[in-house]
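Chain letters run A, B, ... following the sequence lines, proteins first and then strands; every chain starts at 1. FYI, side chains are in, hydrogens and waters are out, and symmetry mates aren't considered; it's all heavy atoms of this structure.
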Amino acid sequence: MLQIGDADLESEKAKARMHMREMDKAFDFRTAQTRWYEQWEAAKAFEAAPHSGKEPWSIVIPPPNITGNLHMGHALVNTLHDVLTRFKRAQGFDALWVPGTDHAGIATQMMVERQLKAEGTDRHQLGREAFEARIWAWKEKNQGAIEHQLRRLGCSVDWTRNRFTLDPSLNKAVRKVFVESYKAGRIYRGPRMIQWDPALQTALSDLEVKYEERRGKLWYLRYPLTGGPVNGVADVVVATTRPETMLGDTAVAVHPDDERFQGMIGKLLDHPLTGRQIPVVADSFVDPAFGTGCVKVTPAHDPNDFAAGQRLGLASITIIGFDAKMTAEAGAYAGLDRFEARKRVVADLEEQGFLVKVEDYVNKISLSDRSGAVLEPLVSEQWFMDVKEAAAKALEAVNTGAIQFTPEHHAAVWNHWLTHIQDWCISRQLVWGHRIPAWTCAKCGELHVEMEQPSACCACGDEQLIQDPDTLDTWFSSALWPFSVFGWPEQTADLRRYYPTSVLITGYDILFFWVARMAMAGLTWMGEVPFRKVYFNSLVRDASGQKMSKTKGNVIDPLEVMEEYGTDALRFSLAIMAAPGTDIAMSTARLEASRNFCNKLWNASRFVQINLDDSITLATAPEFGEAEFWLIKQLRDTLAAVTKALEEFRFHEASDLLYHLVWDDFCATYIELAKVQLLSGTPGQKAAILHFLDILLRALHPFVPFLTEDIHEAVIAQRLPISEPALLALRAWPMDEAILQTNGGDPTIIPRFQEVLSGFLRLKAEQGVDPAKRVPAFCSLAELEPFTEALKSIARLESVTFTKDELATPTRTVGVVAGGILALELAGLKDPVAEKAKLEKELAKLEKELEPLRARLADESFVTKAPEAAVAKLRGQSEEKEQRLAQVKALLG
RNA sequence: GGGCGUAUAACUCAGCGGUAGAGUGCUACCUUCACACGGUAGAAGUCCCAGGUUCGAAUCCUGGUACGCCCACCA
């Protein structure tokens, strides 16, 4: 009988029934993972809803490089983003995940330059404009790839808010920050010692330097005192790892307190190869214990020497140029490569008797993180940013908890780095990037730093202004990402609503490059942290824990994994292994386990579908028995734990809980029990299992969206009330579902049933009885009588008799469970030897288990000092085991 | 030279003050009407070492050892 109000629902169901789909025997992930993304997008399922009245929740993607392909690290970080975003969306937040890509200055330019080289040309031949156009064309072609891969992964990003770090609006943000920082004195230009990459022909920041230990030499060089020996000492000896730089020496330094050289300070030395005279100076940067205690000072080519030169007012002679070749200042060595010059200098010194000795020495050399070239410290005119003030704010934000880290230990590194932070070299001699908004007057040299190019020089009025050719470090624009994506510097509605973002998820390898700089920029320009929480995701390694690398050939490509095991299996594997603070060892075994799990959920759903008929919907009133009450409690407890785990970024715990909820509770226990009821099931029983599946699908959806959406379509969609969205991606997190608040039944009955069931199965196995052989069974636990049919069917028994009578007879095998005895009538099948051995083994096992329990309960200090609950628990366990022991003893006679 | 992390079953990893867990693998058995990408029963661990705190420690503290990572201007 239909109620009037059900008419709509009825017609809706009729419509849906036409699309009803029978489920295949196995989950076809290849079809499912390509079917749904378009439908989600078409339904605008991932678009932010600023006017919804919901509470906003936002996250911004760590923008992948446009040069990049999706690797396992991306798969992990984006899976975790998606799990959280879908979870928050389901919880009823206006969840916004902003996607985007990074222009990745150096990496991208290198990529295109490599192409040019293959074509036999280069960027200089092409000219700046044509080269830049070429990179843009390349970007247009490649950007789609990474975006396609994010769709393949199922990322629920809001594509209407897609951003690129070189977008005009982001460029405006960059210019504003640059200009205002300059005017505030926090950005300045000047000659400083920087790390120069001779291969890429650009300056780098200190962070882009990698140190590598190499076996080298320590050369000891003799510098004679001008005018002959003093007090019998004819010369000083210095030790160096870079003898070629001696051509640029302008002093030799000793420690001011070093008694050995007191008489030398202020004296002049004859430079062995150039004939220049250089002074002996005193500075405390010298370590008297190292080498000879004397250091050659080359202010133009060593950061330490540069600083010492500044302190002491020493001259600076540049003998190595930007091309890493010796300059004219190097005299006879001019034009030589720096390493060739080293050999020649050493040979000449040796020949002329200035080389005292050579030792083997392991030293750290600085390499370019990008090109791998040996860097050359050079004095160069560059732009710098003074970040001390911002660093103090970022430091405070973490210390006060305004930004919370997971895992927390990263705060220690954060504190150290921000406390010792140096000015940041932000200019790069690259074409691809944000052009520095500074113009120099061609006539008078006046510098203009403005948002737009000035029409004329403010000093002389000349109209010929030349823009600085350099671009900014890629990370300069990345630092502004959490507010530039929302339209800053315009005060947009998005900016007001979604800043600060709720959480940042990223790798700890870019803690300084990105996280710290975002914190500094956010605090400086928005006056508020850019994110309240930071979750540092793990590193994905190969199955044996090795770092993946192309050279090792152990790289696992996520796209291949998605083809072989399914996107959902990949996502679930990553999530279940993502324990905070530990690396992930990605293995095929784990992927197989996840794939099997997906298939398990699929087949459990298929079972539900087979057992339902069209009349059963989510509006059908469910009926609950013991099994249902038990499962409801499992669902309720697990969902509460999953929710808490996700709030605290314990993705592995959340997914592990759901895994066992589905496999152990729903499939292994509940469905097995339900099979007995559903054969002749009432609509209420069928409605109950439909509800349970619906809840499971909603809980699993953030982890395995394609699988669950596919099942939802096949089983749930046509049974929904019309008010519910037909897409699972739009449905609510099930924790507060009314059905889950139901209580009833005896919560201990199902666990007892499980013990008895497995007890019967064990008795059969122990006696070597064919599992299919149906024998009569007996049980002393009368309260399990309602489960007679389930026991008979699952353990395949002929009958189950519940009785208080003596169960042990000569023809039966007997076993002990908590509070009772089980028996199987085996007649001629019984093996008395095996029976006795089994009972003796059981006896020994119980004795062994009881030993520590008895000892602890006999321990006076434990009983008096331990909390009562702990003692009571132990006592309960002990009593239960003692009881079993007594039973076993009785059975043995 | 500093700082941090990790050491648990054959493998990869959870757990982090109250009787050792998962996945995979292994052994034996089962094609029972959702699933062999399945089911049942099992075997398997001085929780790196040594001290300490505690009634009780894989879990907290101290000191080692072994791996791994980050930072730092010893030429």
Side-chain angles (χ1 to χ4, degrees), chain A residues 23 25-27 211 218 238-242 245 253 285-287 289-292 294-298 302-308 361 363-364 377 407 409-410 412-413 415-417 420 508-509 511-512 539 541 543-545 547 565 569 573 576-577 579 581-590 592-611 650 652-653 656 659-660 667-668 671-672 675 679 758 761-766 768 770-772 793-796 849-850 852-853 856 859-867 869-871 873-874 877-878 881:
Chain A
M23 295 172 77
K25 200 169 172 182
F27 172 47
Y211 294 93
L218 195 58
V238 301
T240 180
T241 53
R242 297 196 60 194
T245 62
F285 87 98
V286 180
D287 175 5
F290 186 88
T292 60
C294 302
V295 188
K296 60 189 273 309
V297 183
T298 322
D302 181 276
N304 259 330
D305 296 5
F306 178 78
Y361 188 71
N363 68 324
K364 283 211 175 110
H409 69 252
H410 288 290
V413 186
N415 288 343
H416 183 265
W417 190 71
H420 297 94
Y508 55 80
D509 52 331
L511 180 67
F512 308 136
L539 229 61
R541 297 168 176 275
S544 55
K547 208 166 176 172
Y565 298 94
S573 296
I576 206 166
M577 291 189 287
T582 57
D583 290 344
I584 290 176
M586 175 55 67
S587 65
T588 53
R590 177 57 77 174
E592 276 174 24
S594 299
R595 180 204 56 193
N596 295 354
F597 172 69
C598 290
N599 193 241
K600 189 73 179 175
L601 180 60
W602 174 266
N603 270 291
S605 308
R606 187 163 158 256
F607 171 83
V608 174
Q609 188 197 44
I610 290 167
N611 282 284
R650 296 195 311 275
H652 68 300
E653 194 181 316
D656 188 65
Y659 179 96
H660 290 288
C667 294
I671 285 185
E672 290 308 318
K675 277 176 182 171
L679 289 175
S758 89
L761 288 165
R762 199 179 314 118
L763 287 180
K764 270 190 168 180
E766 282 162 352
D770 181 347
S793 123
I794 302 170
R796 288 194 281 173
E849 284 173 0
L850 272 165
L853 293 180
R856 288 176 70 190
D859 181 351
E860 195 59 32
S861 56
F862 169 70
V863 179
T864 53
K865 291 189 183 175
V871 179
K873 192 179 163 199
L874 209 65
Q877 289 168 351
S878 169
K881 282 190 200 299

Inter-nucleotide [atom1] distance ([N], [M]), Å rounded:
N	M	atom1	answer
A43(B)	A22(B)	P	13 Å
G18(B)	U24(B)	P	27 Å
U19(B)	A36(B)	P	38 Å
G56(B)	A20(B)	C1'	15 Å
C37(B)	C4(B)	C1'	41 Å
G21(B)	C61(B)	P	24 Å
A9(B)	C49(B)	P	11 Å
A7(B)	A14(B)	C1'	14 Å

Report yes if at least one side-chain N or O of Tyr361(A) is closer than 4.0 Å to OP1 or OP2 of C74(B); otherwise report no. no

Under 4.0 Å from OP1 or OP2 of C74(B): is there any side-chain N or O of Asn363(A) that close? no

What is the separation between atom [atom1] on [X] and atom [atom2] on [N], rounded to the nearest whole Å?
X	N	atom1	atom2	value
His420(A)	G3(B)	NE2	C1'	11 Å
Tyr211(A)	G1(B)	OH	P	18 Å
Phe27(A)	G38(B)	CZ	P	15 Å
Asp305(A)	A75(B)	CG	C1'	7 Å
Lys600(A)	C35(B)	NZ	C1'	6 Å
Asn599(A)	G39(B)	CG	P	11 Å
Arg595(A)	G23(B)	CZ	P	16 Å
Glu672(A)	A34(B)	CD	P	9 Å

Tell which nucleotide pairs with [N], taking only Watson-Crick or G-U wobble pairs whose two distances are both under 3.5 angstrom.
N	value
A41(B)	U27(B)
U54(B)	none
C48(B)	G64(B)
C69(B)	G3(B)
C16(B)	none

Nearest listed nucleotide, side chain of [X], among [options]:
X	options	value
Lys25(A)	C74(B), A75(B), C35(B)	C35(B)
Asn603(A)	U40(B), C74(B), C35(B)	C35(B)
Thr240(A)	G38(B), G23(B), A75(B)	A75(B)
Phe512(A)	A34(B), C71(B), C74(B)	C71(B)
Lys364(A)	G23(B), U19(B), A72(B)	A72(B)
Ala593(A)	U24(B), A41(B), A75(B)	U24(B)
His409(A)	A72(B), A22(B), G5(B)	G5(B)
Pro771(A)	C29(B), U40(B), G23(B)	C29(B)

When we call it a touch if two heavy atoms are under 4.0 Å apart, what does [X] touch: a base, just sugar-phosphate, or nothing?
X	result
Arg762(A)	sugar-phosphate
Tyr508(A)	nothing
Val863(A)	nothing
Ser594(A)	nothing
Asp287(A)	base
Arg796(A)	base
Cys667(A)	base

Nucleotides 8-18 of chain B: which of its N/O atoms have a protein N/O under 3.5 Å away?
from: A14(B); atom 1: OP1; to: Thr582(A); atom 2: OG1; distance (Å): 2.2
from: G18(B); atom 1: N2; to: Arg856(A); atom 2: NH2; distance (Å): 3.4

Could you check if a side-chain atom of [X] sits within less than 4.5 angstrom of a side-chain atom of [Y], using non-hydrogen atoms only?
X	Y	result
Phe512(A)	Val413(A)	yes
Thr298(A)	Arg242(A)	no
Asp302(A)	Pro377(A)	no

Record whether the side chain of Lys675(A) comes under 3.5 Å of the base of A34(B) through a donor-acceptor pair of N or O atoms. yes

Please confirm whether Arg856(A) makes a cation-pi placement over Phe862(A), using NZ or CZ under 6.0 Å from the six-membered ring centre and within 45° of the ring normal. yes

All ring-ring contact (aromatic ring centres under 6.0 Å, His included) counterparts of Tyr659(A), not counting sequence neighbours: Phe597(A), Trp663(A)

